[in-house]
Protein chains: 2
Amino acid sequence: MATEKGLRERKKEQTREALSWAAIRLTVERGFDNVLVEDIAAAAGVSARTFNNYFSSKAEAIAARHADRGRRIAAELLARPADEPLWTAITEAVVAGFTGAPGGQTDPGPQWRKQVPIMLDSPALQGEFLRANAAVEADILAAISARTGIDSGQLYPKLLAGTVGAAILAVLDHWRQAEDPPPVAELLREAFGLLAQGPPTR
Amino acid sequence: MATEKGLRERKKEQTREALSWAAIRLTVERGFDNVLVEDIAAAAGVSARTFNNYFSSKAEAIAARHADRGRRIAAELLARPADEPLWTAITEAVVAGFTGAPGGQTDPGPQWRKQVPIMLDSPALQGEFLRANAAVEADILAAISARTGIDSGQLYPKLLAGTVGAAILAVLDHWRQAEDPPPVAELLREAFGLLAQGPPTR
DNA sequence: CGAAAACTTGCGCGGCGCGCAAAAAGATGT
DNA sequence: ACATCTTTTTGCGCGCCGCGCAAGTTTTCG
């Protein structure tokens, strides 16, 4: 009668999420430097020491939410019809990664627009976020490789995956800074559309 | 009798460089976690406290070398003939940023091939290096904006600058991991050449 | 030369990340 | 149901980091 998996693993996943969300929430509320690991742990009902069993830094706990997207995007990319043009598949997979949410909302709603910047002005956060994005790129790279059969050690696929990652960052940055930006999904489609035309000739 | 600039600024620049190089050298020799701030400071003939006046972390001191490239690339980009196609100008500017070295070598020679990876397996280093690359992108973005007249707040130029940054990372990563890689400059030209053709249609 | 400005240094504090070993909690066999 | 094994949580302690502060020291400039 086991619900798919052992109780153990479920609990782990649970506290991991709890910690991650608590870290995000508190950071948004008070700012990164005004949140102690202790606070996060307490908010998740766990000891401070345990926090570091899950994440090796405050920043990592926060960025983990973004890193997860990599897996979702990769999965979606592999699930797409094999005869679909690669760029289209990538575009849709990425969009899906930002809209398709498991359980909760993932596409950051308007309420986040104002809060997210607060997080990103902490240097440590920036670095960790970029690291997470690198992880996303790695996942995408693997998926591209699996899909096309091109060895992931080649320069070209790396370039491709890197471009995708950069596009994601550019979109998020734009969404973050623009006056009254369109939804992320829309921006993503626009970005990938622009990229599809290659760099400017002039 | 001032040699261009005040003595003060020259000294500052000097210790900054000394600290940065010392940090790199020691990290390469012993590994990031086995280097104390104290050691770096000592190697540069300065107090530990002073180190943190220049850099706010060990990682930053190391990544600073990469961040500097941004300025050089941007300068080169602006110095190029205005009627040159943008993508060509960017390519050459980036290449110049990796080959043109002020005083010392900048294009990492073969001796670095084996050492650089040692640095990058420290999480903190990775994050900081990506941050430095983001700074490089920002410089490039500004230069692109200045050159084309397109507002840097627009999505498109951000996308462009981001792509350039991603290409640099991809190249370095490839150079780092490949068996017996060509010089960086060559890889860069190859990468930008590939990007010039846009994403794959299939 | 003497006052002002900029930089360096020592000291101390709060916090972090982790190794370690004991306790607690889930899993497993009979 | 119980005893046992495995995995996770927890408390404690250590070394290090990054920074505020308040002297000292050095450069600049009138």
Side-chain angles (χ1 to χ4, degrees), chain A residues 1-20 22-24 26-27 30-64 119 121-128 131, chain B residues 1-20 22-24 26-27 30-64 119 121-128 131:
Chain A
M1 207 144 319
T3 324
E4 272 305 310
K5 256 311 174 189
L7 171 90
R8 202 149 216 161
E9 312 225 8
R10 264 183 296 138
K11 268 208 155 182
K12 269 190 78 166
E13 211 66 29
Q14 235 173 280
T15 43
R16 188 183 175 84
E17 291 254 316
L19 283 170
S20 187
I24 292 177
L26 290 174
T27 297
R30 312 184 204 164
F32 187 72
D33 304 314
N34 303 324
V35 176
L36 276 52
V37 171
E38 229 177 307
D39 301 332
I40 301 172
V46 96
S47 94
R49 184 59 183 85
T50 296
F51 173 87
N52 275 338
N53 288 348
Y54 283 86
F55 302 102
S56 56
S57 80
K58 268 194 291 179
E60 189 180 316
I62 294 174
M119 299 204 296
D121 56 23
S122 171
L125 249 297
Q126 293 172 18
E128 201 58 31
R131 238 167 69 78
Chain B
M1 204 146 322
T3 323
E4 271 304 309
K5 257 311 177 190
L7 171 97
R8 198 152 218 152
E9 313 226 9
R10 264 184 295 137
K11 269 208 155 185
K12 270 189 77 167
E13 211 67 28
Q14 233 173 279
T15 42
R16 189 184 175 81
E17 291 253 315
L19 283 171
S20 187
I24 292 177
L26 292 174
T27 297
R30 314 185 201 163
F32 187 72
D33 303 315
N34 302 323
V35 176
L36 276 52
V37 171
E38 230 177 297
D39 302 332
I40 302 172
V46 96
S47 92
R49 183 61 184 85
T50 296
F51 173 87
N52 276 338
N53 287 348
Y54 284 84
F55 302 102
S56 58
S57 80
K58 268 192 292 178
E60 189 180 316
I62 294 174
M119 299 201 298
D121 56 25
S122 172
L125 250 297
Q126 293 171 19
E128 201 59 32
R131 238 167 70 79

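Protein chains get the first letters and strands the later ones, always in sequence-line order, with residue 1 at the start of each.
Sorted by first and then second residue, the salt bridge (Lys or Arg N to Asp or Glu O under 4.0 Å) pairs with a member in residues 36-48 of chain B read B/Arg30-B/Asp39; sequence neighbours excluded. Residue pairs that meet the salt bridge (Lys or Arg N to Asp or Glu O under 4.0 Å) test with at least one member in residues 41-58 of chain B, sequence neighbours left out, do not exist here.
Under 4.0 angstrom from either OP1 or OP2 of D/dT9 there lies at least one side-chain N or O belonging to A/Tyr54.
Applying the side-chain contact (heavy atoms from CB on, under 4.5 Å) rule to B/Ala43 yields the partners B/Ala22, B/Arg25, B/Leu26; only residues at least two apart in sequence or on another chain are considered. Residues satisfying the side-chain contact (heavy atoms from CB on, under 4.5 Å) criterion with A/Ala59, sequence neighbours excluded, are A/Phe32, A/Ser57, A/Leu125, A/Glu128. Looking at residues two or more places apart in sequence or on another chain, you find no salt bridge (Lys or Arg N to Asp or Glu O under 4.0 Å) involving A/Glu60. With sequence neighbours left out, the side-chain hydrogen bond (donor to acceptor under 3.5 Å, both in side chains) criterion links B/Ser122 to no other residue. Judged as a side-chain hydrogen bond (donor to acceptor under 3.5 Å, both in side chains), and not counting sequence neighbours, the contacts of A/Ser20 are A/Arg65. Residues satisfying the side-chain hydrogen bond (donor to acceptor under 3.5 Å, both in side chains) test with A/Thr15, not counting sequence neighbours, are A/Tyr54.
In the helix from C/dC1-D/dG30 to C/dT30-D/dA1, the rotation axis of the first five pairs and that of the last five pairs differ in direction by 30°, rounded to 10 degrees.
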Are there any protein N/O atoms within less than 3.5 Å of an N/O atom in nucleotides 2-5 of chain D, and if so, which ones and at what distance?
none

Look for any protein N or O under 3.5 Å of an N or O in nucleotides 27-29 of chain C and output each such pair with its distance, or none.
unit_1: C/dA27; atom_1: OP1; unit_2: A/Leu7; atom_2: N; d: 3.0
unit_1: C/dA27; atom_1: OP1; unit_2: A/Arg8; atom_2: N; d: 3.0

Practice item. Spell out protein contact along nucleotides 11-18 of chain D as letters: B when the base is contacted, S when just the sugar-phosphate is, - when no protein heavy atom is under 4.0 Å; keep the 5' to 3' order. Key: BB---SSB
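Taking CG from B/Asp33 and OG1 from B/Thr27, the interatomic distance works out to 9.0 Å, rounded to the nearest 0.5 Å.
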